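Here is how names work: the chains are called A, B, and so on, in the same order as the sequence lines, proteins then strands, and each is numbered from 1. The model shown is predicted, which means the values in this text are computed figures rather than measured ones.
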Amino acid sequence: MKKFATLIGLLVTAMVVTACGGPATTAQPPAAQPPAATPTPAQPPADAAAPADALLNNGEPATISFAWWGGDSRHNAVKAALDIFMDRYPHITVEPIYGAFGGYLDNLVIQLAGQVEPDLIQVNYAWVHALGGGQNVFLDLNTMSHIVNLNEWTQELRDFTTTVDGQLAGVPHGVTGRVIIYNRLMLQEHGFATFPDNFEDLMRLGALVAEGNATIDAGDNTYAFFPLGPESLDIVMLTMLYNETGRNLQANGQMLHTVDEVEAVFSIFEQMIETGTIPTWEQQEYPHNQTNPVWMEGRSGAAFEWVGNIFLAGNHFLEGDLDNLGVALFPAMTPGGSQAAMQRPSLVHVVSQNSSHPEVAAYLLNFLYTDEDALVALGNEFGIPLSNTASAISIRLGNTHGLQLEGHNLLVSNFGEMCPLFEDPNLRPQRFAAIEAFRTRSINARQAAERWVNDQQSELNAMN
Amino acid sequence: MSKKRKIPIAPYLLLIPWFIGIGLFRVYPIISSFYYSLFDFQPILRTSRFVGLDNYRRLLFDFPHFWDSVEATLRYVLIGTPMVLVAAFFIAYILNFKLKGVNLFRTAYYVPSILGGNVAVALVWAQVFGGNGPVNAVLGVFGIDPIPWIQSETFAPFVLIFLSAWQFGSVMLIFLASLQNVSPSLYEAASIDGARKIRQLFSITLPIITPVVLFNTINVLLRHFQEFNAAFLVTRRGPNRATDFLNILIYEFAFVRLQFGFASAMTWLLLAVIGILTVILFVSSKKWVHYSD
């Protein structure tokens, strides 16, 4: 996985950090720091030349579908790019299938089981590995190398991200991870210029901010740190463990943390609750997203968000008061300790194995990653791209800017490995359950740690 | 000489679409789900391995989560069903009196049922019972401290039960229809004999409508066993699986974890639980349900 760090560095660090002048950080992550490099220019397709445009599908009419999730702005951008494609190739019709993230996987699973999935599909990185339980369930894009310019992604990147069982299941769009988005107003009010870089200081801030909080939030409570929902808390736990031990979740079907190590993290978690740094179970209210009143009303010192969601979170903060938001790394467990930003490839685009027109779908895939007009239309709606042409155009157009750029800089300069199985539907519920039982005080830190380790190990044993 | 009777074909032809529909969309899925329950079935990879009754054995003996879910479901069903029936009957009984503007009230009480168990209602419900929601605000007026309704293992199931009870409209309408069919002459005779309203209720009204009570009980029982939306959206199956109903667990294993065989076994055990309760109801009905014929 260190190679992955290098790859991400090769493709992105220089692009964003060097070219765009992002701030340097002094944190030392457990994994190797990615070296800086300049982005490689776009190269011709790996094998033969792409088919002549007019001969796409031999000039015969064809209809394909493209499924993605996102918000309205992404939907509009993708539809604009598809319109460009259909203007260019009038005999091809692309049916857009889009919606919110909720329910997307459920639909996809049913479609895959029925072999009626869309021709071109946006999927999550974890699904590429999880859906087939280690086998590829999408079209091997190596068979489409005469259409898709695979050189847009280095061989190493393809090998370490989307290669499943020796097949290229898809192509990754970018890299993502969570960073702290903090509320400058609240921090300044309590004498902090920026978000604390270690837990000692964070809990000091937490106690100050939480002074006078009610046991049940009636709309007045304030918190130094407000991770939204079980997903955020889960990554908080994983990041704490990673920063403390330098190890990821699992490898080769074996959990990589001892019960003692996990218990130590749960104990710090407990201190965060006791000091009021994060809400208690009873204080945390729905919804678990950026529209939570605590975040929207500026009653939270910080959230822990995906880099791609920074603007979404920002737009909900005090009616879009982006000027009073900053981004920071997750705090170290001890002063001067590691502050790695756990990250993984973001979106992956795959082609269906059951497509009636796999070459047309592959052509559209290539178009979306290499055509300048399409890339202009897409803007930064999928986040900051990793592929050569898309990243070069993104830089030229200045698509990436402000908080998102700062967040991205933090990611690429503080690499932390996120296990491909961290979102696995068999493992993650075990962690959620342990954390929830701990937060509701049904079990203590030791018992929570035992559940966290043993229940996941049982699932891993069943998977292997 | 006997004349051969001609069997009409047309009615059977007209029934064919219904048979096809019920065969494809009811019988086939039921049979195939039992078949899948005997396999370790991977729907996406289209692979399967015969495991016999192992999925059932795992569920019953190696998977405590299943029993947590059974407990949560039964708690919801056994408390929620009587609560809905009592609330629906009580309102129907009141609305059966000749009150001014009674039709307006009947409509008003039926409206929540039209809304059904949709997402918007569930989200509103979560807000209503939130820390600073209207329920706690009303309690505050009486000096009662806010209650963590949704965050509490004790209260969360009741939030869902209240939601279900709030949507008693269709049950109430059936009760109302049956109450209107009770002959007024029976009440007149009882009044002449000196029976008060409460005595009339328990000695005349309820015994007469017991077939409807049985019908509503089974309907509400089934609806509660099939609950999904409210627990999924309002309480997120928690806290600590206190509202992790069997239907949601089946969904998780089938469509999130992709363990279709295991999930199918769960559906058959759920069917068994529902079947047992329904049989108990039917058997006991011989003692408490009175049919006029």
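Within the 4.5 angstrom heavy-atom criterion, only side-chain atoms of A:V137, from C-beta onward, approach chain B. For a residue to count as touching a neighbouring chain, one of its non-hydrogen atoms must lie under 4.5 Å from one of that chain's; by this rule B:F253 does not touch chain A. Using a 4.5 Å cut-off between heavy atoms, A:L131 contacts chain B through both its backbone and its side chain. Residue contact with chain A, scored on non-hydrogen atoms closer than 4.5 Å, is absent for B:R237. Contacts of A:Q353 with chain B are absent, with no heavy-atom separation under 4.5 Å from either backbone or side chain. Only the backbone of A:Q284 has a heavy atom closer than 4.5 Å to any heavy atom of chain B.
Note on B:R236 versus A:E436: no salt bridge recorded, every NZ/NE/NH1/NH2 to OD/OE distance being 4.0 Å or above.
Contacts with chain B were tallied for A:D424, A:I216, A:L112, A:D217; A:I216 has the most, counting heavy-atom pairs under 4.5 Å. For the options A:P429, A:G219, A:A437, heavy-atom pairs under 4.5 Å to chain B are most numerous at A:A437. Most heavy-atom pairs under 4.5 Å with chain A, from the set B:T47, B:L258, B:L123: that is B:L258.
Between B:Q127 and A:E285, every side-chain heavy-atom pair lies at or beyond the 4.5 Å cut-off.
Of residues 134-160 of chain B, those residues with a non-hydrogen atom less than 4.5 Å from any non-hydrogen atom of chain A are, in numerical order, B:P146, B:I147, B:P148, B:I150, B:Q151, B:E153.
A distance of 10.5 Å separates CD of A:Q115 from CD1 of B:I44, quoted to the nearest 0.5 Å.
Atom CZ of B:F228 has more than 12 neighbouring heavy atoms from other residues, nucleotides or ligands inside a 6.0 Å radius.
Smallest separation of non-hydrogen atoms from A:D106 and B:F255: OD1-O, 4.2 Å.
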